[in-house]
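For reference, the structure is listed below as structure tokens.
None of these values were measured; they are calculated from a predicted model.
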Amino acid sequence: MDFQADIIDRVIKNAIQVMENSKYQMFEILDTARTELITLNQELQSVLKETAETIEKVDQLEMNYRRSRIRLTEVSRDFVRYSEEDIKQAYEKATQLQLDVMIFREKEMYLKARRDDLQKRAKSVEASVERAETIGSQMGVVLEYLSGELGQVTRIIESAKNRQFIGLKIILAQEEERKRISREIHDGPAQLLAHLVLRTEIVERMIAKQEFKMVQDEIVDLKKQVRSSLEEMRKVIFNLRPMALDDLGLIPTLRKYVQDFEEKTKIRSLFETRGKEHRLSSAMEAAIYRLIQEALTNTAKHAYPTYVLVEITYQAQLVKIVVQDNGLGFKPELFQQKSKDHGHFGLIGMRERVELLEGRMEIESAENQGTKIVIHIPTNVEKGKE
């Protein structure tokens, strides 16, 4: 066994070295892609600005050209008031403006084509950056996992394979959560704010042209956009940590979450409390909130129920949590086997959290008869262990 452990140790070290080299190469690729993306975005902003200016120029030239045509018609008809020189000048001016219009229209078409090309390239490079970030993140997770304590490799292989899997999944879940939050901010509030900047520039142009009615309409729309941005930011903040948990406590926050869960999933949901409610430590309330959140998420994702019950009972030194549904259910004896196939990773993660709180979790389920999860968490856990 010692010989096997040495071989495993050597293989892991070699793998770590290869991964380290690959990680640095990936970082170089990522850095190059980011630099290219910045350059493309800068060029795109310049082209957008020049396109807007050219469009405005074309509009002005077309207006001047129409006026020159009217002027040419006017002097051509009245030989008494206007001389041959006046007619010649009017004709030359109209011809020159017509030529200018054609030139700037060509420029406008070129800039629009250039703009579209830059947008496609920027989008492609941005997708490459995201893929490189994902690969780099996954490589970092694997390196962090492989670079851990290697002295216990034999014991881990023999007695804690499931914990290895859970540990890696937790780290991956953390990285995915960070990436999700980053994408939420990028695709939501950041995009809305960028859109607001463009809209304010339009308002500035309208004010300059004294189109006050259009300015008023645009400001009304801007207010809607600002409210939408604020709502998106509040959603991101709430997903990170519900502020109501600290301000109002566990029960009001859970009651609101269950209500929102029902509205979102269309699953009839009931929330009940028993015993005398009292505030727990911040960490304990957050842990209980996340457990119920995970339980309801699993229920909606896998069980397809029409009804779910969440019940919290306060006892002297214990909090009892019950989450029950009338969904598909499963065979508890196959729970461990299915968890290895990623079928019930959420329940495995919940059990790990409960054990960290020195509690216990029981699962009652049968096929087509729903599932009942009962969790007992002691509230007198030492702060360090909590």
Side-chain angles (χ1 to χ4, degrees), residues 160 162-163 166-167 169-170 173 238 240-262 267-303 305 307-327 329-333 335-336 339 344-366 369-386:
N162 196 45
R163 285 187 178 273
I166 292 298
K169 291 295 288 184
I170 287 173
F238 184 84
L240 289 174
R241 177 178 174 87
M243 289 183 290
L245 203 58
D246 295 321
D247 298 336
L248 304 178
L250 177 63
I251 298 304
T253 305
L254 280 174
R255 184 172 285 111
K256 180 65 168 61
Y257 177 76
V258 172
Q259 180 183 347
D260 293 342
F261 174 82
E262 182 178 38
I267 299 172
R268 188 163 63 91
S269 305
L270 181 63
F271 179 74
E272 294 182 351
T273 60
R274 301 182 185 278
K276 186 177 180 181
E277 176 190 345
H278 57 273
R279 292 298 299 265
L280 305 173
S281 68
S282 176
M284 181 69 75
E285 288 188 341
I288 293 174
Y289 178 85
R290 294 303 182 192
L291 282 170
I292 294 175
Q293 186 182 45
E294 182 69 27
L296 290 178
T297 300
N298 290 336
T299 298
K301 187 175 181 181
H302 300 292
Y307 169 80
V308 63
L309 167 68
V310 178
E311 181 182 276
I312 296 183
T313 303
Y314 285 90
Q315 300 178 9
Q317 296 181 339
L318 186 76
V319 172
K320 178 183 176 184
I321 304 167
V322 176
V323 180
Q324 185 173 1
D325 66 68
N326 64 347
F330 58 93
K331 293 181 180 179
E333 58 270 20
F335 174 66
Q336 293 294 337
S339 68
H344 293 285
F345 169 67
L347 293 177
I348 292 289
M350 287 175 60
R351 176 162 286 171
E352 290 289 326
R353 293 187 187 185
V354 171
E355 289 176 357
L356 288 174
L357 296 169
E358 296 188 1
R360 71 179 189 275
M361 185 174 84
E362 301 165 357
I363 300 175
E364 302 174 13
S365 184
Q369 294 185 26
T371 301
K372 181 178 181 180
I373 301 173
V374 182
I375 301 172
H376 297 85
I377 298 177
T379 55
N380 59 345
V381 180
E382 297 177 6
K383 291 184 178 180
K385 292 181 180 179
E386 183 181 328

Minimum heavy-atom separation for [X] and [Y], please, with both atom names.
{"X": "T371", "Y": "S365", "value": "OG1-OG, 3.0 Å"}
{"X": "N326", "Y": "P305", "value": "OD1-CB, 3.3 Å"}
{"X": "Q293", "Y": "Y257", "value": "CG-OH, 3.2 Å"}
{"X": "G359", "Y": "P378", "value": "CA-CD, 3.8 Å"}
{"X": "Q315", "Y": "H278", "value": "O-CE1, 4.1 Å"}
{"X": "H376", "Y": "V354", "value": "O-CG1, 4.5 Å"}

Any donor-acceptor pair under 3.5 Å from E285 side chain to L280 backbone: yes
Test item: E262 side-chain N/O and S269 main-chain N/O as donor-acceptor pair under 3.5 Å: yes
Pairwise distance [atom1]([X]) to [atom2]([Y]) - rounded to 0.5 angstrom:
{"X": "E362", "Y": "K372", "atom1": "CD", "atom2": "NZ", "answer": "9.5 Å"}
{"X": "Q324", "Y": "E311", "atom1": "CD", "atom2": "CD", "answer": "9.0 Å"}
{"X": "I292", "Y": "T299", "atom1": "CD1", "atom2": "OG1", "answer": "11.5 Å"}
{"X": "M284", "Y": "L250", "atom1": "CE", "atom2": "CG", "answer": "11.0 Å"}
{"X": "L248", "Y": "R255", "atom1": "CG", "atom2": "CZ", "answer": "11.0 Å"}
{"X": "I377", "Y": "L356", "atom1": "CD1", "atom2": "CG", "answer": "11.0 Å"}

Beyond-backbone contact of [X] with [Y], side-chain heavy atoms, under 4.5 angstrom:
{"X": "N298", "Y": "M350", "value": "yes"}
{"X": "F261", "Y": "V308", "value": "yes"}
{"X": "Y314", "Y": "I251", "value": "yes"}
{"X": "E272", "Y": "V322", "value": "no"}
{"X": "L254", "Y": "T273", "value": "no"}
{"X": "I375", "Y": "I288", "value": "no"}

Test side chain to side chain contact (heavy atoms under 4.5 Å, CB included) applied to I363 and R351, step by step: CA-CA 10 Å; I363 300 175; R351 176 162 286 171; 4.0 Å; yes
